[in-house]
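If you read the sequence from its start, that first residue is 1, and numbering goes on from there. Note that the structure is predicted; figures quoted are calculated from it, not measured.
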Amino acid sequence: MPIIETTASPPRKEGEPTGLSQRETFTLYGLDLVSLQNVSTARGQSETVAEGGLGSLSILGKSNAVFISSRLAERRGLKAGDSLELVMQDQRVGLEVAGIMPDRDKSVRVPETFLLMDLPALQRLLGRGGQLDRVEVILEKGKLGQQARAEVQRVLETQGEGRWRVSTPAQRRESASVMTQAFRWNLGILSMLALVVGLYLVFQALDGAVVRRREEIGVLRSLGVEPRTLQHAWLLESLLLGVAGGILGGLLGW
């Protein structure tokens, strides 16, 4: 099943933050809806793409028809025939809600920000005619499915000239897990580096304070104060300053 994928966001309203990380982001998939319906029929399933199925085939001819999740429909009060405005590739696009994708059960729910369009329609909107992001192949479980996967991989490697890569959902999850773990390692190393630099700066600050107060230390030593007492007093003062700085930094950083 050929797939094209992109992201979109609602138009910014007055007073809303301009940062993309603070705005809602939708994941928009373009699939061949007829093939998707045929897959369900071939597997003996009565489920449809959305409530009411594809309905009239005239939906497939619309360049702005989109299917939305039931949770998004409930939150925004949308129904079939309503309009949904999004921003894709810095362009404002008006879409028409063609149907609502129902949740099969409570354990497997359609993500709220998931949107579905017919493949040719999304290709036209993005200006990517004839281009695909990937092709999903649904195989039967067991030995027969493994043989089919091996055959698909062999054909693509021999005829695809290195343009195609075959992977399973488990392999993609494993790859994402490795990337996440590497990212965490990088963050840990950077945190340790920042800690070492901070300790060095603190040491330099304390050393400079000792040098500036050398005369006071000399006076106290001449009055008979033991070096151990001076050391304890100096450590206590540093501890109090560190605790006060930590509390103040925690409050300001919160």
Take Leu116 and Leu31 through the side-chain contact (heavy atoms from CB on, under 4.5 Å) test and state the conclusion after the steps.
CA-CA 7 Å; Leu116 180 64; Leu31 284 81; 3.2 Å; yes
Given salt bridge (charged side-chain N to carboxylate O under 4.0 Å, His left out), test Glu24 with Arg76 step by step and report yes or no.
CA-CA 13 Å; Glu24 186 176 26; Arg76 292 203 172 189; 3.4 Å; yes
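Clustering ILVMFWY residues whenever any of their side-chain heavy atoms sit less than 4.5 angstrom apart, transitively, puts Leu132 in the very cluster that holds Leu126. Taken together through direct or relayed side-chain contacts under 4.5 Å among Ile, Leu, Val, Met, Phe, Trp and Tyr, Met88 and Ile4 form part of one hydrophobic cluster. One hydrophobic cluster, built from ILVMFWY side chains closer than 4.5 Å, holds both Leu28 and Val135. With hydrophobic clusters built from ILVMFWY side chains whose heavy atoms lie under 4.5 angstrom apart, Leu78 shares a cluster with Met117.
By the neighbour-count criterion of 12 heavy atoms within 6.0 Å, atom CD of Gln204 is densely surrounded, having more than that number from other residues, nucleotides or ligands. Summarising the local packing, CZ of Arg75 is surrounded by more than 12 heavy atoms from other residues, nucleotides or ligands at distances under 6.0 Å.
The shortest distance between side-chain heavy atoms of Leu122 and Asp118 does not fall below 4.5 Å. Residues Ser70 and Met101 fail the side-chain proximity criterion, which asks for heavy atoms closer than 4.5 Å. Looking at heavy atoms from C-beta onward, Ile247 lies in side-chain contact with Leu251 at the 4.5 angstrom threshold. Contact annotation: the side chain of Val87 never approaches that of Val93 to less than 4.5 Å [non-hydrogen atoms, C-beta and beyond].
With rounding to the nearest 0.5 angstrom, the CG atom of Leu195 is 4.5 Å from the CG atom of Leu199. Expressed to the nearest 0.5 Å, how far CG of Leu240 lies from CG of Leu235 amounts to 11.0 Å. Note: Leu72 CG to Leu84 CG = 6.5 Å, rounded to the nearest 0.5 Å. With rounding to the nearest 0.5 Å, the separation of CG in Leu252 from CG in Leu248 is 4.5 Å. Going from atom CG of Leu95 over to atom CG of Leu115 covers 8.0 Å, rounded to the nearest 0.5 Å. Here CG of Leu125 is found 10.0 Å from OG1 of Thr6. Values are rounded to the nearest 0.5 Å.
For Pro11 against Glu85, the heavy-atom pair with the smallest separation is CD-O, 3.3 Å. Across every non-hydrogen atom of Ser9 and Phe26, the tightest pair is CA-CD1, 4.4 Å. Of all non-hydrogen atoms in Ala98 and Ala80, the two that sit nearest each other are O-CB, 4.2 Å. Across every non-hydrogen atom of Ile100 and Ala73, the tightest pair is CD1-CB, 3.7 Å. Summarising the geometry of Gly30 relative to Leu119, their closest heavy-atom pair is O-CD1, 3.5 Å, with the distance given to 0.1 Å. Here the shortest heavy-atom pairing between Gly94 and Asn64 reads O-CB, 3.5 Å.
One N or O on the side chain of Ser191 and one on the backbone of Leu187 form a donor-acceptor pair closer than 3.5 Å. The backbone N or O of Val225 sits nowhere less than 3.5 Å from a side-chain atom of Thr229 that would complete a donor-acceptor pair. Without hydrogens or angle criteria, Arg71 side chain to Val110 main chain gives a donor-acceptor distance under 3.5 Å.
Residues passing the side-chain hydrogen bond (donor to acceptor under 3.5 Å, both in side chains) test with Glu237, sequence neighbours excluded: Arg213. With sequence neighbours left out, the side-chain hydrogen bond (donor to acceptor under 3.5 Å, both in side chains) criterion links Glu96 to Lys62. Looking at residues two or more places apart in sequence or on another chain, you find a side-chain hydrogen bond (donor to acceptor under 3.5 Å, both in side chains) between Gln131 and Arg128.
Residue pairs that meet the salt bridge (charged side-chain N to carboxylate O under 4.0 Å, His left out) test with at least one member in residues 174-197, sequence neighbours left out, do not exist here. The salt bridge (charged side-chain N to carboxylate O under 4.0 Å, His left out) contacts involving residues 27-36 comprise nothing, where partners must be two or more places apart or lie in separate chains. Residue pairs meeting the ring-ring contact (aromatic ring centres under 6.0 Å, His included) criterion with at least one partner in residues 111-138, sequence neighbours excluded, are Tyr29-Phe114.
Between Glu5 and Arg134 a salt bridge is recorded (basic side-chain N to carboxylate O distance below 4.0 Å).
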